[in-house]
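Since the structure comes first, as structure tokens, the remarks are kept for the end.
We count ligands from 1, going down the list as the structure has it; atoms in each ligand are counted the same way. We use all heavy atoms of the structure for the numbers below, so side chains are in, but hydrogens, waters and symmetry mates are not.
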Amino acid sequence: MMNEIININSFEILDSRGVPTIFTEVVLENGIKGSASVPSGASTGIHEALELRDKDLNRYKGNGVLNNVKVINSMIFDAIAGIDARRQKDIDKILLDLDGTINKKKLGANTILSVSLAVAKAAANYEKKELYKYLGGTLSYLLPIPLVNIINGGAHANNNLDIQEYMITPIGAKTFQEAIRWCSEIFYNLKDLLKKNNYSTSVGDEGGFASNFKNNEEPIKYLLKAIKMTKLNPERDVMISLDVAATEFYANKKYKISSEDKSFTNLDMSEYLLKLKNKFPIFSIEDGMAEDDWEGWSHLSNSITDNTLIVGDDLFVTNKKRLLKGITRKAANSILIKLNQIGSLTETLETIDLAKRYNYETIISHRSGETEDAFIADLAVATNSMFIKSGSVTRSERLSKYNRLLILESSDKNLVYSGLVYNEKI
Ligand code: 2PG
Ligand code: MG
């Protein structure tokens, strides 16, 4: 057979923060290859599958991944050599069994994921199909609405903002190309505005501006000004999305909003977010509550009853069990999907499937530490996900995903921009 795995080459490379990560290439019998590299988070949820590192303090402050690479080239290769690369589920099952732990702490979620994704790419290449077609078949038709992060705070920037991400959401564009053009134009109008007011225009980990602001509200006002300067309407064309990443400032049952010198209970926090929501055109709120504050989540979801997306990231960690718990408790209405939170393609697809069955919106997401790998762009199209989050419209590790979608839009006339579908739905 020509589709059998005959070789694996794994290497230690660097991510967008200059921290080591894993690159894996899978080779099939007929010489066809597929490769993938894995991203890495900064505001990592405690319930995520484990990202394993060498912990050798003499190299990269302990962040090396040479052991992971060794395991892939030996133990993992032995376990999946000779198997048809199209048997994704079976291969992922072998990898999970080889690890044998609940949170993948033996081999590492990063180790397993690099192989899982490289296998999928090799199989797509073998089938001579684009990755999204291979994964999604002929029913994939949506190009996602991008959530574009143009002001960075929290763990992604060295500024005073408690809220981690201020994103623009071009729901009113007619095409993905128009959506990206709007976002780039808004980004540069925002840059002019910041400069004019003597605010710094240096950027954070995801390519958004990392200026200091008066409080957590001021960035929203700047975004709205920049949207209007671009001659767009902040309700109809481009709305605001937030990733509060509240786990990062939650301790002893209190939410500590340092920039405003406030300490909130979950009820206060919910009220704070509701006020923001009522004051500004906010499209979605991600991680408005901490990862284990289920009560806070239910409260937030009960108090915001319009079609605002209430998105669980650290809360769900792309994990079916946690998502089911959230569904039962009515904790949210949307889920952020990150492949490396769970650590294999099959499990990620299962979580997306479960979310869709319960009418949850799925937002396919990058990590703050990224590589040029654009797998998530294809994953978004393959799964008809209405949204993608890949940071700012600057820096190539962010753009590789948006650029892939621009190319898909031009090359496959069957694909439709999700904004059109979303506006029909509401
Ligand atoms: C998030 C992500 C991506 P990180 O919180 O949603 O923006 O950040 O990768 O640091 O967890
Ligand atoms: Mg998040």
- prompt: Does E165 reach ligand 1 with a nitrogen or oxygen that is under 3.5 Å from one of the ligand's nitrogen or oxygen atoms?
  reply: yes
task: State, without any angle test, whether S116 and S344 hold a side-chain donor-acceptor pair at a distance under 3.5 Å.
output: no
message: Regarding K338 and D313, does a basic nitrogen lie under 4.0 Å from an acidic carboxylate oxygen?
response: yes
query: F316 vs W294 aromatic rings, parallel, tilted or perpendicular, using cut-offs 30° and 60°?
result: tilted
query: Hey, is the Mg ion (ligand 2) within less than 2.8 Å of some N/O/S atom on E286?
result: yes
field: Short side-chain donor-acceptor distance under 3.5 Å, D412 and Y132
entry: yes
- request: Look only at interatomic distance and state if K338 has a nitrogen or oxygen under 3.5 Å from any nitrogen or oxygen of ligand 1.
  value: yes
Subset of ligand 1 atoms that lie under 4.0 Å from at least one heavy atom of R367: 4 (P), 9 (O), 11 (O)
message: Please determine whether a side-chain nitrogen of the Lys or Arg among E206 and R395 lies less than 4.0 Å from a carboxylate oxygen of the Asp or Glu.
response: no
query: With a cut-off of 2.8 Å, does D313 place any N/O/S atom under that distance from the Mg ion (ligand 2)?
result: yes
message: Could you check whether any heavy atom of S43 sits closer than 4.0 Å to an atom of ligand 1, since that is the contact criterion I want to use?
response: yes
- prompt: Among S368, S365, G154, which residue places a heavy atom closest to atom 4 (P) of ligand 1?
  reply: S368
message: I'd like to know if the Mg ion (ligand 2) has an N/O/S atom from D243 within less than 2.8 Å of it, counting both backbone and side-chain atoms.
response: yes
- request: Using a strict cut-off of less than 4.0 Å between a Lys/Arg side-chain nitrogen and an Asp/Glu carboxylate oxygen, indicate whether D293 and K253 qualify as a salt bridge.
  value: no
message: Quick check on D261: does its CG atom have over 12 non-hydrogen neighbours (other residues, nucleotides or ligands) under 6.0 Å away?
response: no
- prompt: Counting from 1, what ligand 1 atoms have a heavy atom of Q164 closer than 4.0 Å?
  reply: 1 (C), 5 (O), 8 (O)
Where ligand 1 meets K389 - atom numbers and elements under 4.0 angstrom, heavy-atom basis: 1 (C), 3 (C), 6 (O), 7 (O)
query: For K33, does the NZ atom have more than 12 heavy-atom neighbours from other residues, nucleotides or ligands under 6.0 Å away?
result: no
- request: Run the salt-bridge test on E218 and K214 with the 4.0 Å N-O cut-off and return the result as yes or no.
  value: yes
- prompt: Counting both backbone and side chain atoms, is some N or O of G41 under 3.5 Å from an N or O of ligand 1?
  reply: no
Atom 3 (C) of ligand 1: the protein heavy-atom neighbour that sits closest, reported with distance to 0.1 Å: E206 OE2, 3.3 Å
- request: Using a 4.0 Å heavy-atom threshold (strictly under), name the region of D205 that reaches ligand 1: side chain, backbone, both or neither.
  value: neither
Per-residue contact class, D314 against ligand 1 - non-hydrogen pairs under 4.0 Å: neither
query: Short list, please: which atoms of ligand 1 are under 4.0 Å from a heavy atom of D313?
result: 1 (C), 5 (O), 6 (O)
query: Is any NZ, NE, NH1 or NH2 atom of the basic residue among E370 and R17 found under 4.0 Å from an Asp or Glu carboxylate oxygen of the other?
result: no
- request: Below 4.0 angstrom from a heavy atom of H366, which ligand 1 atoms are there? Numbered from 1 as shown, please.
  value: 3 (C), 7 (O)
For L336, atoms of ligand 1 separated by under 4.0 Å from a heavy atom: 6 (O)
message: Strictly below 4.0 Å, N to O, side chains only: are E350 and K89 in salt-bridge contact?
response: no
field: Short N or O distance, S40 and ligand 1, threshold 3.5 Å exclusive
entry: no
- request: Check each atom of ligand 1 against the heavy atoms of D243 and keep those under 4.0 Å away; list them by number with element.
  value: 1 (C), 5 (O), 6 (O)
field: Ring-face cation of K225 near Y222 (centre distance under 6.0 Å, axis angle within 45°)
entry: yes
